[in-house]
Enquirer: 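The following block contains the structure, expressed as C-alpha cells.
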Protein chains: 6
Amino acid sequence: MKLSARNQLPGKVTKIETGMVTAEVVIELDGGGELIAVITKKSVENLGIAVGKKVYAVVKSTEVMVAID
Amino acid sequence: MKLSARNQLPGKVTKIETGMVTAEVVIELDGGGELIAVITKKSVENLGIAVGKKVYAVVKSTEVMVAID
Amino acid sequence: MKLSARNQLPGKVTKIETGMVTAEVVIELDGGGELIAVITKKSVENLGIAVGKKVYAVVKSTEVMVAID
Amino acid sequence: MKLSARNQLPGKVTKIETGMVTAEVVIELDGGGELIAVITKKSVENLGIAVGKKVYAVVKSTEVMVAID
Amino acid sequence: MKLSARNQLPGKVTKIETGMVTAEVVIELDGGGELIAVITKKSVENLGIAVGKKVYAVVKSTEVMVAID
Amino acid sequence: MKLSARNQLPGKVTKIETGMVTAEVVIELDGGGELIAVITKKSVENLGIAVGKKVYAVVKSTEVMVAID
C-alpha cells in the first residue's frame, strides 16, 4: 500500500504505554530525535508493535505545524 | 510559550510552495529526513518563514500514525 | 506497508479538483456513499491518482466524529 | 445544525470500548464496511451513543488520506 | 444533528479568503477573540457562509493543544 | 517559541480528567465559553497543567470546522 501522507520517517520503537483505548508509542527516529504517536491499543496489537520493532512514523502534511524560536 | 504538543523536531526550511490560502513548507530535519507542513500562507508571512530559516516541525501526538513494512 | 490507521475503505476516484498546493479528491465508496479527501497536489501526482482509479480512503480513528439526528 | 465537514456517512453502532477519557466506537456503515471513531467518553454519554443506535460517522475532508495498492 | 465534537463556539464571520480548493474563514467569537477555520471552498458555498453570518466554530477535542507562557 | 497555529485563545483550567494515556483538560476562555482539550497525561505533567492555571487553547486552523443553525 502506498499512502498519500508524505511524512514517513523510519525509526525504532523504544517505549509503549498502554491505556484502555489508546496507547502511546515512542519512536526513536533513525536520524535522531523521537516522535510520539498516540494510536489505539487495537492498532498496537494488530500490527504487533513492540519495543525494538522497526516502524515508520507517519504524519499527514496538514497536521504538521511550524515554529520558530 | 511552551506547548503540549510533544513532537518538536529542529530543522531548516528548504522549499516553500505558496498557494492562495495554504502553503507547503519542506523542512529538512537536523537528524536527516524531511517533514512537509501545510500551513496557511498567512502563517508563513507572520513567522517570516523563508528558505534557509531554522524552524521546528511540530506535531500533536494524536496525529502521528505508525506503519510497518 | 501496513498502517495503524484502522479506517481504510475501498472506492474509486470520481472527481479531482486541483489547487496550487492542495487538491480535493472525491472517492465513491464501493459500499455506496462518498468520502472527500483534501491532500496535497504533490500526493495526487506521486500516487498517480486519477478519475476512475481504485483507491482507499484512509482515516485515523481519532479524526472520526459521531453525530446523531 | 449544518456542519462544514462534508463526510457524513450513515451507519449503526456495533461496539463501544470505553476507557477513562476516550472511547472507541465501531460504526457499521449502511453501505458496508465500518469506521472506527475515537471520541471522549463524555461525548458517548452526552449523545446517548449505544450499540444498535443509528449514527453518522463524520470526518473533515482535510483528515482523509488516499492510498493505492 | 448533534455532534460528538464538544467545542462549539458561537461567533460571526468577519472575513473570508478564498483559494481554488480551500478557504480561510475568520470567526469573531461572541465572547471575544477570533478563531480561523480552513475549510473547503465547497463547504463555504454549501453552507452559504458569508461575512456577517452567525456561525459556530467547531473543534474536536483531540485537536486542541494547551500552551503556557 | 512562536507557532504557526493561529488560534491561541487565553483561558484558565477549570477541570482535568486523567486517564492512563490521555487527559481531558477543560479551559474556561477569558472571553467566555470553554474549550476542551484531549492531550497526553505526560503533557499535563510536563507543563504542570493544573486547575486554576492560566493557559492558552491552541488549534491549527485546518482543524476548525464551521457550522450553522
Enquirer: Can you tell which of A:Leu3, A:Asp69, A:Val58, A:Val59 has the highest number of heavy-atom pairs within less than 4.5 Å of chain B?
Expert: A:Val58

Enquirer: If you count heavy-atom pairs within less than 4.5 Å of chain A, which of B:Ala5, B:Gly11, B:Ala37 leads?
Expert: B:Ala37

Enquirer: Counting C-beta onward and ignoring hydrogens, is there a side-chain heavy-atom pair between A:Asp30 and A:Lys54 closer than 4.5 Å?
Expert: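 Yes - at least one pair of side-chain heavy atoms lies under 4.5 Å apart.
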
Enquirer: Using heavy-atom distances under 4.5 Å, tell me whether A:Leu29 contacts chain B through its side chain, its backbone, both, or neither.
Expert: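 The side chain, not the backbone.
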
Enquirer: What part of B:Gln8 gets closer than 4.5 Å to chain A, counting heavy atoms only: side chain, backbone, both or neither?
Expert: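 It is neither, since no heavy atom gets under 4.5 Å.
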
Enquirer: Under 4.5 Å between any side-chain heavy atoms of A:Glu63 and B:Met65, yes or no?
Expert: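 Sidechains of B:Met65 and A:Glu63: no contact.
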
Enquirer: Which one, A:Asn7, A:Val25, A:Ile49, A:Val13, leads in non-hydrogen pairs under 4.5 Å with chain B?
Expert: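 Ranked by heavy-atom pairs under 4.5 Å with chain B, first place is A:Asn7.
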
Enquirer: Can you name the residues of residues 40-47 of chain A that have some heavy atom under 4.5 Å away from a heavy atom in chain B?
Expert: A:Leu47

Enquirer: Of A:Val66, A:Thr62, A:Val64, which meets side chain to side chain contact (heavy atoms under 4.5 Å, CB included) against B:Ile39?
Expert: A:Val66

Enquirer: Flag the pair A:Lys15 and A:Glu34 as a salt bridge only when some basic side-chain nitrogen lies within less than 4.0 angstrom of an acidic carboxylate oxygen.
Expert: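 No, this pair does not count.
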
Enquirer: What part of B:Leu35 is in contact with chain A, defined as an atom under 4.5 angstrom from a non-hydrogen atom: side chain, backbone, both or neither?
Expert: both

Enquirer: Does any non-hydrogen side-chain atom of A:Ile27 lie less than 4.5 Å from one of A:Tyr56?
Expert: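 Result no, sub-4.5 Å side-chain heavy-atom pair not found.
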
Enquirer: Considering only heavy atoms and a distance below 4.5 Å, find which of A:Glu24, A:Lys53, A:Lys60, A:Met1 pairs most often with chain B.
Expert: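 Ranked by contacts with chain B, first place is A:Glu24.
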
Enquirer: Which bit of A:Ile36 is near chain B, if near means a heavy-atom gap under 4.5 Å: side chain, backbone, both or neither?
Expert: both

Enquirer: Can you tell which of A:Gly31, A:Ser61, A:Gly32 has the highest number of heavy-atom pairs within less than 4.5 Å of chain B?
Expert: A:Ser61

